[in-house]
Amino acid sequence: MAERRYHIDDVLITPRQLERRVDELAREMAAGEHSDNLVVIGILRGSFIFLADLVRWFWLNKMQPRIDFMIMASYGSSTTPEREPRVSRDCTIDLTGADVVVVDDILDTGRTLSKAVEHLAAKGPRSIRTCTLLDKPARRVVPCEADFVGFVIDDDFVVGYGLDYDGRHRELPHIAKVTFLDESAAD
Ligand code: IMP
Ligand code: MG
């Protein structure tokens, strides 16, 4: 990606709002959940802060998951203009008969999450549910909805709480919008 000038706007979602919503999400997920084979799989790298907070609320809701991670990488090539995600680091826990919860930072075009679910479904879990902190439905290309959504947001590029722009700004304790100063420049 070409370097673009940008600035980070004011807070869009505060740390307090994040904390409250993550607490609620864990309660929603706990309702009716009595699995003794619960596996939470975070999609790296964007989900690492969200997942770390979420599973601590799991404890309060008496859910005792095993936790694993997978890395999805996106391909681009001259022959396929679409970014095609693939698994670049697989989870290693045996998912046979497991009740899986896949956790991602943001649902954008839907390619990453749908590919991750397709990949994990082949491992023989009993169930797969999906959870995303943020959802940008306006950007969807592949039909894909998450079972649990933290916040629905507009079609803006956001950073913080694990989400990056060009590898940076994951450490922000809040979510902020990125404003690009040279919108005319090519991506
Ligand atoms: P999808 O495959 O288009 O749904 O993209 C999902 C991935 O794109 C996420 O896991 C993020 O890594 C990245 N992404 C999409 N939108 C944003 C954003 O607004 N900020 C930061 N990363 C984003
Ligand atoms: Mg990312």
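Read the numbers this way: they start at 1 and go in the same order the structure lists the ligands and their atoms. The residues of the chain are indexed from 1 along the displayed sequence.
Near Val158, meaning under 4.0 Å from any of its heavy atoms, are these atoms of ligand 1: 18 (C), 19 (O), 20 (N), 21 (C). Every atom of ligand 1 is numbered from 1 in the order shown, and the set under 4.0 Å from a heavy atom of Asp104 is 10 (O). The atoms of ligand 1 that sit less than 4.0 Å from any heavy atom of Arg111 are 2 (O), 4 (O). Under a 4.0 Å criterion applied to the non-hydrogen atoms of Asp164, ligand 1 contributes the atoms 21 (C), 22 (N).
At a 4.0 Å cut-off, at least one heavy atom of Asp156 sits close enough to ligand 1 to count as contact. Distances shorter than 4.0 angstrom do not occur between any heavy atom of Leu113 and any atom of ligand 1. A heavy-atom separation below 4.0 Å is found between Lys136 and ligand 1. Residue Val159 places every heavy atom at 4.0 Å or more from ligand 1. Under a 4.0 Å heavy-atom criterion, Gly110 is in contact with ligand 1.
Contact check on Arg89 versus Asp68 returns a salt bridge, with a Lys/Arg side-chain nitrogen under 4.0 Å from an Asp/Glu carboxylate oxygen.
A single hydrophobic cluster is seen to contain both Ile71 and Leu51, as judged by linkage of ILVMFWY side chains at heavy-atom distances under 4.5 Å, directly or through other members.
Checking Ile153, Asp108, Ile106, Val142 against atom 13 (C) of ligand 1, the nearest heavy atom belongs to Ile106.
By the neighbour-count criterion of 12 heavy atoms within 6.0 Å, atom CG of Asp155 is densely surrounded, having more than that number from other residues, nucleotides or ligands. At most 12 heavy atoms of other shown residues, nucleotides or ligands fall within 6.0 angstrom of atom CG in Asp154.
Residue-level proximity to ligand 1 for Thr109 is carried by backbone and side chain together, each with a heavy atom below 4.0 angstrom. At a heavy-atom distance under 4.0 Å, no atom of Ile43 approaches ligand 1.
The aromatic rings of Tyr165 and Phe180 stand perpendicular to each other, their planes meeting at an angle above 60°, with 30° marking the opposite boundary.
Side-chain contact of Thr96 with Asp94: a donor-acceptor pair under 3.5 Å is present, judged by distance alone. No hydrogens or angles considered: nothing links the side chains of Ser47 and Asp105 as a donor-acceptor pair under 3.5 Å.
Checked by distance only, ligand 1 and Phe157 stay at 3.5 Å or farther apart across all their nitrogen or oxygen atoms.
Using a 4.5 Å heavy-atom cutoff, the side chains of Phe151 and Arg21 are in contact.
Glu19 meets the salt bridge (Lys or Arg N to Asp or Glu O under 4.0 Å) test with Arg16; sequence neighbours excluded.
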